[in-house]
Number of protein chains: 2
Amino acid sequence: MLSPRPAAGTLAIVPASSTARPRAARGRRTARPSGDDREAAILATAERLLAERPLSGISVDDLARGAGISRPTFYFYFSSKDAVLLTLLDRVVAEADAASAAAFARRPADARQGWRAMIDAYSATFRSHRSVTLAAAELRFSNADVRALWARVSEDWVAACAEAIEAERRRGAAPPGLPARDLAIVLNQLNERVLYGTFSGDGPAVAEDDVVDVLLDVWLSAIYRPAGAPTDR
Amino acid sequence: MLSPRPAAGTLAIVPASSTARPRAARGRRTARPSGDDREAAILATAERLLAERPLSGISVDDLARGAGISRPTFYFYFSSKDAVLLTLLDRVVAEADAASAAAFARRPADARQGWRAMIDAYSATFRSHRSVTLAAAELRFSNADVRALWARVSEDWVAACAEAIEAERRRGAAPPGLPARDLAIVLNQLNERVLYGTFSGDGPAVAEDDVVDVLLDVWLSAIYRPAGAPTDR
DNA sequence: GCGCGGGCTCAACACACTGTTGACCGAGCC
DNA sequence: GGCTCGGTCAACAGTGTGTTGAGCCCGCGC
């Protein structure tokens, strides 16, 4: 589900993504294990360090030393510090993608339960990779690859939500209202910001135990709000 | 209601804010005008450059040259690049604060018009200082002062909104539901993220002309949603 | 068993940027 | 006239990034 290199499935981005990897087609499979091990060691080091300080406080040297190699050697495996995070993020995103799709797919009798399952899956995944999530949120501003990856998955989620909203409207369960896509966009952005706030804990934030309930409440009222309530357009 | 700094003027934070300015009490008022002029020149240069590239792409040297001074001289006026942005942000925030407070204060007959005016004021202010807004969003992650400033104003806005929601509930216009504070938090975060998306334009985003309508719709349905709609708690 | 090629490694370098030091200039004040 | 003090900058020290070039080591063909 989330092994990173099948070059297919949810995450075909990685190869194309990072700004010109040095070793385009490396083909490293020469019985010497150290190559993959070191790559994995770098990734593991990154995740470990990220848990204790923000990405900006971690240098390439830290990553290299943590993985037991020198700085130039690091550059053999990754084109930059950012590329490491991109790989990590890619895995998390693929996991969230799979989890929320699964929750979405097995729509229960009550469609509203489906929304809950989806929000829950999404939230649980990012919570369980909190450090990567927070670092990615930070890096989004300065790194075009991260931005692009995030834009792509957001687009997928928005499209799926818009679709689901329209289905609910067609079957008469939800009233007409805002364009489904606009609604889907803002609800997704809502989740993004609220979960970020809860996980990072700075500024006013919703408690971790309540966050799914609160989000769900807003989603449901935005989607199913009876036509009686004025839109004020 | 939500003016944050009774301590004179709109922007009394600046002195206290930045991490230990070198010139604690400068008292520069010696008939030589250049001092203030230069400070203003730095600020103006920053805003100009920010319009064309992100903060991370601007060096202290760029700022100094733009203001016609050398790099060390820059440090006489500001303790760092970040401090410049903090000053800029502080002004924008004070403006947003004043505008939304004003909109809130002159509550019209229809309370819902009050919400619209508030969202509109908030949105218009940040739109008219787009570059500062976007830079601040970026810097929030790496700079504790910016984070603190933002947390403070968010707290004010959240408190004011929670207050208003409770007032609506008391007078029977809005049904009971989520804790007012939680609702206020997520609605504020919603605005923050959605406006950011619209102004920055990356990822799926709501069109600039529609954004206030869309936000308002979500706010109103979350606040006024008739009790009939299930909360699912 | 030997050399040869390529995956892999690192010391050393070139560069960009940050923040600081110390000397200096000129204007007003006594 | 000397003295202080706001203001200014050349030069330095430090920390980070990404690159280069020489070289190691291991498997493989001969």
Side-chain angles (χ1 to χ4, degrees), chain A residues 5 18-43 45-46 49 53-86 135 138-139 142-145, chain B residues 18-43 45-46 49 53-86 138-139 142-145:
Chain A
R5 275 310 137 81
S18 63
T19 49
R21 293 262 188 116
R23 35 93 191 230
R26 199 151 97 249
R28 175 169 30 70
R29 185 66 53 213
T30 42
R32 182 148 47 148
S34 37
D36 280 354
D37 287 353
R38 295 219 150 134
E39 186 163 338
I42 293 171
L43 257 7
T45 303
L49 293 182
R53 58 180 186 272
L55 186 72
S56 45
I58 299 173
S59 72
V60 171
D61 208 64
D62 294 334
L63 257 22
R65 278 183 204 292
I69 57 178
S70 74
R71 213 158 51 75
T73 301
F74 168 92
Y75 284 103
F76 179 82
Y77 292 101
F78 291 95
S79 65
S80 69
K81 182 170 75 170
D82 292 4
V84 176
L85 194 112
L86 191 67
E138 175 183 351
L139 200 57
S142 52
N143 184 290
D145 292 327
Chain B
S18 63
T19 49
R21 293 261 188 115
R23 36 90 190 232
R26 199 151 95 252
R28 174 167 32 67
R29 186 66 54 212
T30 41
R32 179 145 52 145
S34 37
D36 280 353
D37 287 354
R38 297 222 150 131
E39 186 163 337
I42 294 172
L43 257 6
T45 302
L49 293 182
R53 59 181 188 274
L55 186 71
S56 45
I58 299 173
S59 72
V60 170
D61 207 64
D62 294 334
L63 256 22
R65 278 184 203 290
I69 56 178
S70 74
R71 217 159 48 75
T73 300
F74 168 93
Y75 284 104
F76 179 81
Y77 292 101
F78 291 94
S79 66
S80 69
K81 180 170 77 170
D82 291 4
V84 176
L85 194 113
L86 192 66
E138 175 183 351
L139 199 57
S142 52
N143 183 290
D145 292 328

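Each chain gets a letter, A, B and so on, in the order its sequence line appears, and its residues count up from 1. Because the structure is a prediction, the values reported are computed rather than measured.
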- Task: Please list, chain by chain and in numerical order, all residues satisfying side-chain hydrogen bond (donor to acceptor under 3.5 Å, both in side chains) with A:Asp82, sequence neighbours excluded.
- Result: A:Asn143
- Message: Tell me the interatomic distance from A:Ile69, atom CD1, to C:dG7, atom P, rounded to whole angstroms.
- Response: 17 Å
- To the nearest 0.5 Å, tell me how far A:Leu139 CG sits from A:Asp145 CG. 9.0 Å
- Query: Roughly, in whole Å, what's the span from CZ in B:Phe78 to P in D:dG7?
  - Reply: 13 Å
- Applying side chain to side chain contact (heavy atoms under 4.5 Å, CB included) to A:Thr45 and not counting sequence neighbours gives A:Arg48, A:Leu49, A:Leu63, A:Ala67
- Task: Round to a whole Å and report the spacing from CZ of B:Phe74 to P of C:dT20.
- Result: 12 Å
- Task: Write down the distance between OH (A:Tyr77) and C1' (D:dG18), rounded to a whole number of angstrom.
- Result: 18 Å
- When every non-hydrogen atom of B:Arg53 is compared with those of B:Asp62, the smallest separation belongs to NH2-OD2, 3.0 Å
- By side chain to side chain contact (heavy atoms under 4.5 Å, CB included), which residues pair with A:Arg65, not counting sequence neighbours? A:Asp61
- Return the set of residues passing side chain to side chain contact (heavy atoms under 4.5 Å, CB included) with A:Pro54 (not counting sequence neighbours), or none when no residue passes. A:Ser56, A:Glu138
- Task: Round to a whole Å and report the spacing from CZ of A:Arg65 to P of D:dT17.
- Result: 12 Å
Enumerate all atom pairs, one protein N or O and one N or O from nucleotides 15-19 of chain C, separated by less than 3.5 Å.
residue : atom : partner : partner atom : Å
C:dT18  : OP1  : B:Val60 : N            : 3.2
C:dT18  : OP2  : B:Val60 : N            : 3.4
C:dT18  : O4   : B:Arg71 : NH2          : 3.4
C:dG19  : OP2  : B:Tyr75 : OH           : 2.8
C:dG19  : N7   : B:Arg71 : NH1          : 2.7
C:dG19  : O6   : B:Arg71 : NH2          : 2.4

- Message: Counting only side-chain nitrogens and oxygens, does B:Thr73 get under 4.0 Å of the OP1 or OP2 atom of D:dC9?
- Response: yes
- B:Phe76 atom CZ is separated from C:dT20 atom P, nearest whole Å, by 14 Å
